[in-house]
There are 2 protein chains.
Amino acid sequence: MGRWEPDAQGRLLRAALELFSERGYEATTTAQIAERAGLTKTTLFRLFADKREIVFQGQGVLVALVKQGVEEAPADASATSLTANGLRVLSSAHGEEQRRIGRLLDPILATNGELNERAIYKRFAITEALETALIDRRVDSWQAGILADLGVRAYYAGYALWVVSHDSPPLIDYVQAQFQKLQGASARLSEDTARRH
Amino acid sequence: MGRWEPDAQGRLLRAALELFSERGYEATTTAQIAERAGLTKTTLFRLFADKREIVFQGQGVLVALVKQGVEEAPADASATSLTANGLRVLSSAHGEEQRRIGRLLDPILATNGELNERAIYKRFAITEALETALIDRRVDSWQAGILADLGVRAYYAGYALWVVSHDSPPLIDYVQAQFQKLQGASARLSEDTARRH
DNA sequence: GTCTATACAATGATAGAC
DNA sequence: GTCTATCATTGTATAGAC
């Protein structure tokens, strides 16, 4: 049992992804994950709050990043620019390593309600962080909510395209393209409504 | 043990809300809930998928209602009208009974991450149902996503106001007011962006 | 300060009896 | 349809080893 070896969390994450891919999420016990990582169940639960967090704890930084992106934007930035900057910093956390993890994780997510529920919870946490950060930058609270929904929708749509792509463009390119499209669709929606009066 | 008495689910829901209010969600065991309802733990888990579903299973109909509301809207309805009709039928499910349950449940939700996670999952399910129903009515898929976010945001904001109010107006009045405000904020957002070119 | 061993409570599944 | 009984697994708590 190679104890004291470094990166216990990383080893547990890799062991979990392997086992979940091999035999599914439910058919894998926490004891098996710990064993493959050369640790015990006790240690696993000291490092992760629950079984789901083994694969999702990495997303904890995303909340801080989107907040930071909004805070760091120029003083004269529009509400939309503040959002775009949040998305830019948020996306910057995703490199090849995250793409590889995503490719393993997404099929598992799709077939498991328990994991999917946690994924949605993380999405909501990012949305709330973005909304709060925008309000802190004096964006109108109605607009902050709308932009948070729009921005996070762009982020997840962009992510879905990026994770399966074999191209070189970084995630932010995909996210920005989605954000533009959604803004255009939103503008057309408002025009349509106005035209009906 | 008054077995064979009717409305086992309702008895379990009431028992759960009482016990959660008295001693908190985590301090209440499923055996205690079953006991207060005059049943056993086994029966509880046959009627509900897990402990959280005791208080959330009632929301399962909401997904069907919002879908139905969009489907039943007039053939010439705009995308916005389709959404409004979905919200109208969705809101129609909430009477005094639901308000009473909400008043008990909301404080418990606020203090428990596990329950909160399930609540967010239900919100997402309603959003997806609305988005899909709009797409089925030939709404552009970008606009469908935006309207689903906007509509569900209006629904939850309206619900939060309604549940604590002591006035007579039904939920739909609150939801419609929120939907109007959000549409206005969205239009101003698009104007601001256009003006910057 | 991190890991292990052990014991424990609670969730949720399953099988057979009424 | 419900009950009793038993079971595997998750997740916690404690005390001690390196």
Side-chain angles (χ1 to χ4, degrees), chain A residues 1-57 60 108-109 111-119 121, chain B residues 1-57 60 108-109 111-119 121:
Chain A
M1 290 273 211
R3 52 188 180 188
W4 296 111
E5 275 165 31
D7 194 22
Q9 299 204 5
R11 266 153 51 216
L12 286 163
L13 171 60
R14 284 186 290 276
L17 287 173
E18 283 173 23
L19 287 163
F20 293 166
S21 299
E22 289 168 16
R23 24 165 71 169
Y25 173 80
E26 291 187 353
T28 305
T29 69
T30 52
Q32 290 167 343
I33 298 167
E35 192 195 7
R36 185 167 296 200
L39 295 163
T40 60
K41 190 168 72 81
T42 311
T43 306
L44 188 158
F45 282 112
R46 191 174 45 78
L47 296 172
F48 298 100
D50 57 43
K51 189 178 171 184
R52 281 156 289 200
E53 279 298 292
I54 303 169
V55 289
F56 282 118
Q57 193 162 113
I108 302 164
L109 270 184
T111 60
N112 188 271
E114 204 176 336
L115 276 177
N116 200 33
E117 186 169 347
R118 179 59 51 86
Y121 189 68
Chain B
M1 286 277 210
R3 54 186 179 189
W4 297 112
E5 275 164 30
D7 194 22
Q9 299 205 6
R11 266 152 51 216
L12 285 162
L13 171 60
R14 284 186 289 277
L17 287 173
E18 283 173 24
L19 287 163
F20 294 167
S21 297
E22 289 169 16
R23 25 164 72 165
Y25 173 80
E26 292 187 353
T28 305
T29 70
T30 51
Q32 290 167 341
I33 298 167
E35 192 195 8
R36 183 167 297 201
L39 295 165
T40 60
K41 192 167 71 81
T42 312
T43 306
L44 187 159
F45 282 113
R46 191 175 47 76
L47 296 172
F48 298 101
D50 57 43
K51 188 179 172 184
R52 280 158 285 187
E53 280 298 291
I54 303 169
V55 288
F56 282 119
Q57 193 162 112
I108 302 164
L109 270 183
T111 60
N112 188 270
E114 205 176 336
L115 276 177
N116 200 33
E117 186 170 347
R118 179 59 54 85
Y121 189 68

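Within every chain, numbering begins at 1; the chains are lettered A, B, ... in the order of the sequence lines, protein sequences first and strands thereafter. Note that the structure is a prediction, hence the values are computed from the model and not measured.
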**OP:** For A:Arg46 and C:dA5, give me the distance from atom CZ to atom P, rounded to whole Å.
**Re:** 14 Å
Subject >> Non-neighbouring partners of A:Ser21 that pass side-chain contact (heavy atoms from CB on, under 4.5 Å), sequence neighbours left out >> reply: A:Leu104, A:Ile108
Original post:
Who passes side-chain contact (heavy atoms from CB on, under 4.5 Å) against B:Thr29, sequence neighbours left out?
Top reply: B:Ala31, B:Gln32
**OP:** Could you check how far CG of A:Leu47 sits from P of D:dT12, rounded to whole Å?
**Re:** 13 Å
**OP:** Using whole Å, report how far CD of A:Gln9 lies from C1' of C:dT2.
**Re:** 13 Å
Original post:
Does B:Arg52 reach the main-chain N or O of B:Asn116 with its side chain, forming a donor-acceptor pair under 3.5 Å?
Top reply: no
Subject >> Length of the line joining B:Leu44:CG and D:dC3:P, which is rounded to integer Å >> reply: 11 Å
**OP:** Would you give a per-nucleotide map of nucleotides 12-17 of chain C, 5' to 3', where B means the base has a protein non-hydrogen atom under 4.0 Å away, S means only the sugar-phosphate does, and - means neither?
**Re:** B-B---
Subject >> Separation of C:dC3 P from A:Glu35 CD (nearest whole Å) >> reply: 17 Å
Original post:
Under the salt bridge (charged side-chain N to carboxylate O under 4.0 Å, His left out) rule, what pairs show up with a residue in residues 14-30 of chain A, not counting sequence neighbours?
Top reply: A:Asp7-A:Arg14, A:Glu18-A:Arg36, A:Glu22-A:Arg36
Original post:
What pairs with A:Thr28 under side chain to side chain donor-acceptor pair (under 3.5 Å), at least two apart in sequence or on another chain?
Top reply: none
Subject >> With B:Phe48 via side-chain contact (heavy atoms from CB on, under 4.5 Å) - residues at least two apart >> reply: B:Gln9, B:Leu12, B:Glu53, B:Ile54, B:Gln57
Subject >> Sequence-distant partners of B:Tyr25, ring-ring contact (aromatic ring centres under 6.0 Å, His included), two or more places apart >> reply: B:Phe20
**OP:** Rounded to the nearest angstrom, tell me the gap between atom CG in B:Leu12 and atom P in C:dT11.
**Re:** 13 Å
Original post:
Mind checking what makes side-chain contact (heavy atoms from CB on, under 4.5 Å) contact with A:Leu13, not counting sequence neighbours?
Top reply: A:Leu17, A:Val55, A:Ile101
Original post:
When you measure from the side chain of B:Thr40, which nucleotide among C:dC3, C:dT4, D:dT4 comes out closest?
Top reply: D:dT4
Original post:
Tell me, which of residues 14-24 of chain B have any heavy atom that sits under 4.0 Å from an atom in DNA chain D?
Top reply: none
